[in-house]
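First up is the structure itself, then whatever we jot down about it.
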2 protein chains.
Amino acid sequence: MNWIKIDEAAKITGITKRAIRYYEEIGLIHPPERSDGQVRLYTDEDVKQLKRVVDAKEVLGFSLQELQHFLSIKERVLEHKDQYESTKDTTIQQSELEEIAVGLKEQEKMLQQKMEKMKSFQEELKDLIQKVDSLLNV
Amino acid sequence: MNWIKIDEAAKITGITKRAIRYYEEIGLIHPPERSDGQVRLYTDEDVKQLKRVVDAKEVLGFSLQELQHFLSIKERVLEHKDQYESTKDTTIQQSELEEIAVGLKEQEKMLQQKMEKMKSFQEELKDLIQKVDSLLNV
DNA sequence: CTTTACTATGACGCGAACGTCAAAGGTCCC
DNA sequence: GGGACCTTTGACGTTCGCGTCATAGTAAAG
């Protein structure tokens, strides 16, 4: 495995070291491994997750809390699927699954609305660009 | 004209009264008319503008400053177009127009990227919903 | 084993975007 | 015209998302 320290992880992702530690602090990313001396060591996977989280935050405008909520749901669902017949604590109750389904569908609806609004804003932007261009080409 | 006070405007738009006053304070919306006793009176147009501003903020994840910048550019461009042959102070210099064009095109590019990332996130969401549904229909 | 360069943790600071409260004044209805 | 209920301005408080020290420990090179 290729372990890197926080400074390199920061350089790769473009996120500051402080922000990375902060994301860990609020549970947005998994705490990475540590050296014997308590130094954080990141894998490629860790770095990927970091990038995805930041993308989602920037692009979707989700608050970090919302994002964390989504990620924990996702993990639990995937875990549930893998360990289908096990009876671990991580197993999700049927009733809870239904709630999750409702919540996710709600999210998808909101995302859809967001994208539509973005489109109309994009149109407006294009219009404005056209107008500016026509003013320039006289 | 149908004048409404801030409380009704707040109820219509879903924005708090404090936020509306704040938006006015930082120049995000035009100061509305006032009664003799200094009470803010909003028209339908004002309410529309409020909605659009908030939409843009929520959907695009713009900071209020960025948004204000965009709105002021837009207004000045439109004004420029109307008063084409006038020599008012509001007229935009050629050089400035070019800068604006560059800035707007940059914005459009970023918007495009955002929308693409949103799409892929939407796919992920749909996947997850499918998985949950398949877990429910056993 | 020392030096040099990171790293960890804790604490305080900060700007944005409001919330909240107080004091003073405005509106409207009977 | 006198309450009951808004509104305004000002000021301070709060939360989020980090930035920025300060202090102390760690890693790697020579």
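Each chain gets a letter, A, B and so on, in the order the sequences are listed, and its residues count up from 1.
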Check the distance between [N]'s [atom2] and [X]'s [atom1] and give it to me in whole angstrom.
X      : N       : atom1 : atom2 : answer
I6(A)  : dG25(D) : CD1   : P     : 20 Å
L28(B) : dA16(C) : CG    : P     : 13 Å
E33(A) : dA8(C)  : CD    : P     : 14 Å
E25(A) : dT9(C)  : CD    : C1'   : 10 Å
L41(A) : dT26(D) : CG    : P     : 14 Å
E24(A) : dC18(D) : CD    : P     : 15 Å
D7(A)  : dA27(D) : CG    : P     : 16 Å
K11(A) : dC6(C)  : NZ    : P     : 7 Å

Would you mind checking if [Y] and [X] are paired as a salt bridge, meaning a charged N to carboxylate O distance below 4.0 Å?
X       : Y       : result
K11(B)  : D7(B)   : yes
E24(B)  : R40(B)  : yes
K105(A) : D133(B) : yes
K119(B) : E124(B) : no

**Item:** Heavy atoms of other groups near E123(B) CD, more than 12 under 6.0 Å
**Value:** yes

**Prompt:** Is the count of non-hydrogen atoms from other residues, nucleotides or ligands lying under 6.0 Å from E33(A) atom CD greater than 12?
**Reply:** no

Can you tell me if [X] touches the phosphate of [N], counting only side-chain N or O atoms and a distance under 4.0 Å to OP1 or OP2?
X      : N       : answer
R21(B) : dA17(C) : no
Y22(A) : dG17(D) : yes
R40(B) : dT8(D)  : yes

**Nucleic acid footprint by protein, nucleotides 19-28 of chain C - heavy-atom cut-off 4.0 Å, B for base, S for sugar-phosphate alone** = BB-----SS-

**Prompt:** Can a donor-acceptor pair be found between the side chains of E75(A) and H30(A) at a distance below 3.5 Å?
**Reply:** yes

